Amino acid sequence: MKMSRLFGRTIREVPAEAEIISHKLLLRAGLVRKLASGIYQYNPLAWRSMKKIQDILRLEMEAVGMQEINMPVVQPAELWQESGRWYSVGSEMARFKDRSGRDMVLAITHEEAVTELVRNEINSYRQLPLALYQIQLKFRDEPRSRGGLIRVREFYMKDGYSFHVDEADLDVYYEDVMAAYFRIFKRAGLDVLSVESDNGNIGGKVSHEFMYVTPIGEDRLILCPNCDYAANQEVAQSHLEKREEQIAGDLEKVATPGCKSIKEVADFFKAEEHDCLKALFYVSNEEIVMVAIQGDLELNELKLKKILDDPNIRMATEEELEAAGIVAGYASPKGQKIRVLLDRSVYNSENWIIGANQEGYHYQNAQLNRDFTGEGPFDFELVEEGALCPQCQTPLKEQRGVEVGNIFKLGTQYSASMKAVFLDEKGELRPMDMGCYGIGLGRMLSCVIEEYNDQYGIIWPMSVAPYHVYLCSVGKDEEVIARADELYQELKDAGVEVLYDDRDLRPGVKFNDADLIGLPIRLVVSKRNLNEGLIELKERSKAESEKIEADSILNRVQTLIAEALKFEE
RNA sequence: CGGGACGUAGCGCAGUUUGGUAGCGCGUCUGGCUUGGGACCAGAAGGCCGGGGGUUCGAAUCCCUCCGUCCCGACCA
């Protein structure tokens, strides 16, 4: 490709809308342009990289026996009504009516479609296991897109689905896919972590997310520096340290004027925050529920949602509390009429400082069962940095990450509701065990740029670079231009992917564009080197350039590319 | 959906406080000159000042309203 003809120009100044590095570089290098919030157009260079990512995905998916298919983005509502997600998914799914008034959706994912497809084809255990995948557009009308291609509304996803006779078979395949995922990200130059994660809307039990660790990530990760424990904060658990042996004291009511926060109360009693009991109020199905947890711990709302089996909980308002006769700031489980849920930490001490359910008063030495009760123990803890690892009790670390992929064991969630069943060896009808496996292509692209860049621009890994070589000529000298043209042809003929900067521009401009676009190898043909029969070669990732005999340049380039593409597990 | 910022030429911005009919830099086009790290000179094109309504003799500027964009949070397979 010649630069003079390439669509998508570079820009010097950073568009005001970009804040993170990958977003800035995507725009500056002319890779993408925004059409609307969270909706992007891909220019040729970006699209070539996307295709490189697709190549990697196809290679590794085929290697674990997945077959590529393609399913529609526009789907009838009936499909989603059958799985129930027509009702459970909110406004992130775009819905519309077709010309005959039929309800339709833009697919946010394809579990329903693939299940429908498979249930009509597969009816015997002899046809299982089966694994299908596609690389397809998804539309999710996210409440907030951000960070260029990190979080968008329209995006390409590789989504795979597997079907098994039983859970054991799914378990084995799940591990295969996990291994394939690590190979995929490694091929693209990304180091990722797999973390335990929430299944969210999709259902099922076991799932893992693949995280590229970066401060710009949206997900909070809880990681153990000592063992392999790694979890999304949404589901992270901790080891609860046993408190010192305590002598149970007598319940005592104490005037605590103006002490509403845990900190104020702890200071008043010259105690620690973990000696106080924190009471939180949520509304679930129009009913106020109290959650009690050790004072220094935060509550993980997702855990509460699961325990209440209600995704629509919210914190109670002050008015609601007042109406229910609850004294905000001085509330406790003692003598409470509403439903009380107790975190496991509440079982960990004999002497709690709790509210007296009366303005300006607290109790000290309150004891579970003797002085108050509730349902439990539950784990409501929002695990934060410093909590102890549930596996090895080392203090945990917190980092941020971008979710570039995920895998789920769906079990029979969809196959049961949508009747994707088969006849087993005994002639009995059973639902298939399903797994699903996603990777966001644009996110992957963004993360690669986020990982590989410097002050001048992108530094593409060979495997996903739009082209391998940036060839440029310096000056107007006819011999130089002729030699550069010749080299361009020579490289192309040899199968090297080359972007040829044939523009009549000053060298500085070309070099800056070369650095910005960031192809792995830069070749410069100039008068002064050509006089000595040399051509300059510079790797984008290295500081120094080298001069190479013109005759051996092709060989050298091919070697560099081959070495960079060599994959070792 | 809550909080914050913003919307003026392709991009980055000034002008808005104090109303008088739009400017700078980069980029683009023409010509000249230059050619190893975003040169220089001369000329040119390009704007419904986000949309609508109002106040006023007069609105980019003041008021109302809608829309859009970004950031933080909520949310998020």
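Below, read A as the first sequence line, B as the second, and so on, with proteins coming before strands; counting in each chain starts at 1. Small disclaimer: the values here were computed from a predicted structure and weren't measured.
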Classify [X] by what it touches in the nucleic acid, base, sugar-phosphate, or nothing, heavy-atom distance under 4.0 Å.
X: A:Leu27; result: nothing
X: A:Glu218; result: nothing
X: A:Arg503; result: nothing
X: A:Gly405; result: nothing
X: A:Glu403; result: sugar-phosphate
X: A:Ser145; result: sugar-phosphate
X: A:Arg522; result: base
X: A:Pro15; result: sugar-phosphate
X: A:Lys34; result: sugar-phosphate

Ion pair present between [X] and [Y], side-chain N to carboxylate O less than 4.0 angstrom?
X: A:Glu154; Y: A:Lys138; answer: no
X: A:Arg220; Y: A:Glu398; answer: yes
X: A:Lys538; Y: A:Glu544; answer: no

For a quick check, tell me whether the side chain of [X] and the base of [N] share a donor-acceptor pair closer than 3.5 Å.
X: A:Arg9; N: B:rG27; result: no
X: A:Glu13; N: B:rG25; result: yes
X: A:Arg314; N: B:rA74; result: no
X: A:Arg140; N: B:rA77; result: yes

Spacing between [X] atom [atom1] and [N] atom [atom2], to the nearest angstrom:
X: A:Met211; N: B:rC76; atom1: CE; atom2: C1'; value: 12 Å
X: A:Glu142; N: B:rC70; atom1: CD; atom2: P; value: 13 Å
X: A:Asp454; N: B:rG37; atom1: CG; atom2: C1'; value: 14 Å
X: A:Asn512; N: B:rA39; atom1: CG; atom2: P; value: 8 Å
X: A:His23; N: B:rC11; atom1: NE2; atom2: P; value: 13 Å
X: A:Lys24; N: B:rC71; atom1: NZ; atom2: P; value: 12 Å
X: A:Asp477; N: B:rU34; atom1: CG; atom2: C1'; value: 15 Å
X: A:Lys476; N: B:rU34; atom1: NZ; atom2: P; value: 9 Å

Of the options [options], whose atoms approach the side-chain atoms of [X] most closely?
X: A:Ala16; options: B:rA77, B:rC13, B:rC76; result: B:rC13
X: A:Glu19; options: B:rG12, B:rC71, B:rG36; result: B:rC71
X: A:Asp513; options: B:rC76, B:rA77, B:rG38; result: B:rG38

Can you list the residues that meet the side-chain hydrogen bond (donor to acceptor under 3.5 Å, both in side chains) rule with A:Asp477, with sequence neighbours excluded? A:Lys527

For [N], what is the paired nucleotide under Watson-Crick or G-U wobble rules, both distances under 3.5 Å?
N: B:rU35; result: none
N: B:rC24; result: B:rG12
N: B:rA5; result: B:rU69

Select from A:Gly475 and A:Ala36 the residue whose nearest nucleotide in RNA chain B is closer to the 5' end of that strand. A:Gly475

At under 4.0 Å, does any side-chain N or O of A:Arg12 touch on OP1 or OP2 of B:rG27? yes

Quick one: is A:Ser37 getting a side-chain N or O under 4.0 Å of the B:rC70 phosphate, OP1 or OP2? yes

Using the C1' atoms only, state how far B:rC57 lies from B:rU65, rounded to an integer number of Å. 26 Å

Six-ring centre of A:Tyr174, A:Lys409 cation under 6.0 angstrom, axis tolerance 45°: yes

CZ/A:Arg314: more than 12 non-hydrogen atoms of other groups inside 6.0 Å: yes

Pairing residues for A:Glu142 by the salt bridge (charged side-chain N to carboxylate O under 4.0 Å, His left out) criterion, not counting sequence neighbours: A:Arg151

